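To keep things clear, I will list the structure first and then write my remarks on it.
Owing to the predicted nature of the structure, the values given are computational and were not obtained by experimental measurement.
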Amino acid sequence: IYADGILNASRFLQQWYQKKANCYFLRNKPMLYFPYAYNQKICEIGVSPKPVDFSRNPNDILVTYLGSLTQGYSTMDIVKAVELLHHPEVKVLLIGKGGDSSDIEDYIRNHGLQQQVFLLGYVDEEEIPSYFSVTDVFILPMNDTVKDWARCPSKLYMYLPYRKPIVTAKIGEPYEVLKDAGIYYQPGSIRSLTEALRKAIDVKSINIDATCHEWSARASLLNAWIENSFENK
């Protein structure tokens, strides 16, 4: 109500508030579609990661997930999809912690996936580029919920500058940003996720300009919006 302008972190929110622009608290207020972005330092390999309990073979394909290990982020589905894939050269790095960590660990052990799925736990930001630089496929699970349509997943923008295939769903910002460059699965379907992973491992790189999603580009856009929306009033 008290805002002079509104920044919307997703296309969904931008369109939703534009439709309600006649509401008394939105009338005549400038809005800007202003999603997350990445810091250029995500591409700078500095600190080496702690040793991971696996040896990478020349033919191995590394699939990386960064985020919370919770049901809301479908991380257990990733593990089950890898099991269904039946591709021993695919190795998954799960970076992060969460409420499902122990359940995932139990599943890995009970289903003999210790040589394919690796729980790295929390990783310092300075170490992330070292893992991303050797990644062949990134994975960004999305659910068909209002929350996922409206949110802006920060990990998407961290993956972009590496130009590697991203497995995700046609939900919200991932599809808004990736369009035809994304590799999509049906939300909630482990079999569909498995097939998307199978497709992604044959893709070497994606054709996308990540520079427009860097924070300096967002800052220029914000400055121009402020000048056009407020400084001439």
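You'll find the side chain of E195 stays beyond 4.5 Å of the side chain of Y185, heavy atoms only. Inter-residue side-chain proximity for P153 and P174 is flagged as met; some heavy-atom pair is nearer than 4.5 Å. Contact annotation: the side chain of L160 approaches that of V177 to within less than 4.5 Å [non-hydrogen atoms, C-beta and beyond]. Between L197 and I78, every side-chain heavy-atom pair lies at or beyond the 4.5 Å cut-off. Contact of the Q18 side chain with the Y33 side chain is not registered, since no non-hydrogen atoms from C-beta on lie closer than 4.5 Å. At least one side-chain heavy atom of L178 sits under 4.5 Å from a side-chain heavy atom of I208. In this structure the side chain of Y36 reaches within 4.5 angstrom of the side chain of S154, judged on heavy atoms.
E89 meets the salt bridge (Lys or Arg N to Asp or Glu O under 4.0 Å) test with no other residue; sequence neighbours excluded. T70 is linked by a side-chain hydrogen bond (donor to acceptor under 3.5 Å, both in side chains) to nothing, counting only residues two or more places apart in sequence or in another chain. For the ring pair (Phe, Tyr, Trp, His ring centres under 6.0 Å) test, residues two or more places apart in sequence or in another chain that qualify with Y175 are Y184. The side-chain hydrogen bond (donor to acceptor under 3.5 Å, both in side chains) search around S74 returns N143, not counting sequence neighbours. The side-chain contact (heavy atoms from CB on, under 4.5 Å) test applied to K199 returns I183, not counting sequence neighbours. Residues that satisfy the side-chain hydrogen bond (donor to acceptor under 3.5 Å, both in side chains) test with D136, not counting sequence neighbours, are R56.
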Check the pair I95 / Y131 against side-chain contact (heavy atoms from CB on, under 4.5 Å), numbers first and verdict last. CA-CA 9 Å; I95 303 176; Y131 291 109; 4.1 Å; yes
The test is side-chain contact (heavy atoms from CB on, under 4.5 Å); show your working for V137 and T64 and say whether it passes. CA-CA 6 Å; V137 176; T64 298; over 6 Å; no
Assess the residue pair L69 and L119 against the criterion (side-chain contact (heavy atoms from CB on, under 4.5 Å)); give the C-alpha distance rounded to whole Å, side-chain angles, the decisive distance to 0.1 Å, and a yes or no. CA-CA 10 Å; L69 305 187; L119 297 176; 4.0 Å; yes
Kindly indicate, with the supporting measurements, whether the criterion side-chain contact (heavy atoms from CB on, under 4.5 Å) is fulfilled by L93 and V63. CA-CA 6 Å; L93 305 182; V63 177; over 6 Å; no
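Clustering ILVMFWY residues whenever any of their side-chain heavy atoms sit less than 4.5 angstrom apart, transitively, puts W16 in the very cluster that holds L26.
Judged as a ring pair (Phe, Tyr, Trp, His ring centres under 6.0 Å), the pairs with a partner in residues 78-115 (not counting sequence neighbours) are, in order, Y107-H111. Within the structure, every pair that satisfies the salt bridge (charged side-chain N to carboxylate O under 4.0 Å, His left out) test and touches residues 144-156, not counting sequence neighbours, is listed here: D148-R151. Sorted by first and then second residue, the salt bridge (charged side-chain N to carboxylate O under 4.0 Å, His left out) pairs involving residues 14-28 (not counting sequence neighbours) form an empty list. Applying the salt bridge (charged side-chain N to carboxylate O under 4.0 Å, His left out) definition to pairs two or more places apart or across chains, none involves residues 75-86. For residues 137-169, every residue pair satisfying the ring pair (Phe, Tyr, Trp, His ring centres under 6.0 Å) rule, not counting sequence neighbours, is listed here: F132-F138, F132-Y159, F132-Y162, F138-Y159, Y157-H213. Listed by first then second residue, pairs satisfying salt bridge (charged side-chain N to carboxylate O under 4.0 Å, His left out) with a partner in residues 101-115 read D106-R109, not counting sequence neighbours.
Aromatic ring centres of W225 and F34 lie farther apart than the 6.0 Å criterion allows.
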